[in-house]
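Presented below is the structure to which this report refers.
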Protein chains: 2
Amino acid sequence: MKLGNSDYLPHIAYDSVIFGFSGEKLKILIMKYHNTGLFALPGGFVKIDESLNEAVRRGLQERTGLSNIYLEQFYTFGNVERHIPEVMATILRANNFDTEGEYEWLLDRFFSVAYYALINYNDVIPKPDALSDSCDWYAIDELPTLMLDHDTIVEKALQTLRDNIDRKLVGMNLLPTRFTMNELQKVYEAILGEKLRRTSFQRKILSLNILERHEKQFSGKAHKAPYLYSFTKK
Amino acid sequence: MKLGNSDYLPHIAYDSVIFGFSGEKLKILIMKYHNTGLFALPGGFVKIDESLNEAVRRGLQERTGLSNIYLEQFYTFGNVERHIPEVMATILRANNFDTEGEYEWLLDRFFSVAYYALINYNDVIPKPDALSDSCDWYAIDELPTLMLDHDTIVEKALQTLRDNIDRKLVGMNLLPTRFTMNELQKVYEAILGEKLRRTSFQRKILSLNILERHEKQFSGKAHKAPYLYSFTKK
DNA sequence: TTATCATTGTCTCAGTTTGTAACAATAAGA
DNA sequence: TCTTATTGTTACAAACTGAGACAATGATAA
């Protein structure tokens with residue numbers, strides 16, 4: 001990836017909170033920049049002749065290998081206080097990029113349009129970008145401290161996800177195609193941060209008429225085998 | 001208002017959908033540009049050293065005279081297709097502003113961060129800005145065609161308002177301090193675009209424990225006088 | 001004064017949804 | 001065959017909602 005100042009719109013960036021579900025926990029992708037100890041959300045910039053949503057999809061594909069990701073834009077952060085040029089300067093210098101000339105625009109003040117994405121954990125092989133040495137999953141209750149206002153961004157993403165959980169189908173994107181009712185319940189519990197009642201949950205989800213029942217899944221455990229379900233796409 | 005290129009961040013604008021309630025209808029403020037026949041949402045730009053939210057409040061105060069307005073950011077529009085430099089060139093020329101030099105930056109591509117505001121209709125005396133000759137209320141079902149993607153912005157604002165109506169207190173900002181239950185119901189009906197049942201609405205609102213009951217309001221009409229209510233602020 | 005009218009506050013009652021528990025039906029191992 | 005953990009389903013009370021009934025009440029007309 002090149003970051004020359006001729007290709008991108010100045011002052012505008014995006015950051016993405018990429019949610020996955022594994023080990024009964026909700027996790028997000030976090031990048032670590034070379035030789036700085038700085039952690040950040042995956043983000044990027046918008047090309048001169050590119051739409052905002054296209055730019056975000058392009059960036060997410062580069063980071064996860066996935067196209068056709070479920071995406072929601074949730075807020076644009078534009079406080080003066082989030083402009084701390086020393087942070088970007090540190091990152092650039094750690095990567096031997098000159099902070100004058102071609103890359104100087106990266107030190108300017110930026111607005112960040114924030115998106116959250118819901119993806120199937122097992123489909124992804126996270127890839128760091130040119131400035132970072134890792135891109136890894138972190139459980140949302142075990143996050144490192146993030147640079148700038150990225151902690152706030154994550155918090156707002158999670159809040160929006162919770163607010164949306166009953167209006168937009170959330171489980172669809174965090175689970176494999178076929179799953180048990182219990183797995184779906186675990187996803188809801190991880191997002192909401194609270195236990196749910198089994199029978200109420202089952203009744204509520206089934207009453208939405210969005211699930212198709214398939215064969216049973218035999219786990220080898222000594223108890224009744226649960227049915228597998230999939231979402232009916234329409 | 002000056003619009004010289006040294007004061008504002010390039011490529012970033014905001015637009016606001018300012019809701020008011022009058023004559024049993026939901027209305028929004030629309031500006032008309034001098035000698036162009038172009039209608040648009042009130043908007044503006046962000047100064048170099050100013051936070052986004054500050055900029056929006058500053059602009060709204062200039063347009064309405066109100067400070068302390070209820071504001072929600074709801075989406076950022078960044079499609080390539082919304083960049084039609086001829087439109088802004090038309091507006092500038094109609095105001096005898098040179099499209100080269102100091103104001104040339106206004107012809108660039110812009111992202112627009114969109115907000116909606118809820119205000120008390122009677123508190124406002126709309127004021128046009130430097131480029132427009134009017135700033136007036138239009139009922140949402142009688143809007144003129146708006147320039148660029150401003151129709152889309154209004155539609156999304158209304159959709160967001162409807163989605164939020166049960167989660168955020170909406171009536172509070174669209175009515176005077178004291179109001180009758182019927183007036184509040186009319187606000188809900190205008191926003192949702194459907195009739196509501198009187199008794200159900202009353203029961204639901206009262207069960208929220210957010211209203212304080214005051215003296216009756218005698219209208220001079222030949223029927224029982226309704227109580228006045230106000231929101232309990234906490 | 002009395003009758004009429006439109007609107008309001010409250011109540012009722014049935015139908016629906018939700019919280020909670022109970023119970024029978026498994027799969028696999030002992 | 002018995003035990004154990006988990007699942008699908010049913011049952012029942014509590015809470016909520018839709019729809020209507022009804023009395024109370026300001027003002028006007030008779």
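The structure presented is a predicted model; accordingly, all values stated were derived computationally and were not measured.
Rounded to whole angstrom, the span from the CE atom of A/M181 across to the P atom of D/dG8 amounts to 7 Å. Distance, A/R198 CZ to D/dT10 C1': 12 Å, rounded to whole Å. Rounded to whole Å, the distance from NZ on B/K221 to C1' on D/dA27 is 11 Å. Distance B/D166 CG to D/dT17 P: 10 Å, rounded to the nearest Å. Separating the NZ atom of B/K224 from the C1' atom of D/dT28 is a distance of 19 Å, rounded to the nearest angstrom. In this structure, B/L206 atom CG and D/dC16 atom C1' are separated by 15 Å, rounded to whole Å. For the pair A/L196 CG and C/dT18 P, the computed distance is 13 Å after rounding to whole Å. The nearest whole Å value for the distance from the CZ atom in A/R203 to the P atom in C/dG19 is 8 Å.
Comparing atom distances between the A/K216 side chain and each of C/dT20, D/dA21, C/dT26 picks out C/dT26 as nearest. Closest to the A/H223 side chain, of the nucleotides D/dA19, C/dT8, D/dA5, is D/dA5. Among the nucleotides D/dA21, C/dG19, D/dG18, the one closest to the side chain of A/R197 is C/dG19. When each of C/dT8, D/dT9, C/dA28 is scored by its nearest atom to the side-chain atoms of A/Q202, the top-ranked nucleotide is D/dT9.
Proximity of A/D163 to A/Q159: side-chain heavy atoms (C-beta onward) are separated by under 4.5 Å at one or more points.
For D/dG18, the OP1/OP2 oxygens have a side-chain nitrogen or oxygen of B/S200 closer than 4.0 Å. OP1 or OP2 of C/dT8 lies within a sub-4.0 Å distance of a side-chain N or O belonging to B/N182.
A donor-acceptor contact under 3.5 Å is not formed by the side chain of B/R213 with the base of C/dG9.
Counting heavy atoms of neighbouring residues, nucleotides and ligands inside a 6.0 Å radius, atom NZ of B/K204 does not exceed 12 of them.
Under 3.5 Å, the side chains of B/D129 and B/S132 contain a donor-acceptor pair of N or O atoms.
With salt bridges taken as basic N to acidic carboxylate O contacts below 4.0 Å, none links A/D136 and A/K32.
Less than 6.0 angstrom separates the ring centroid of A/F179 from the ring centroid of A/F231.
If you check every strand for non-hydrogen atoms under 4.0 Å, B/T199 touches a base.
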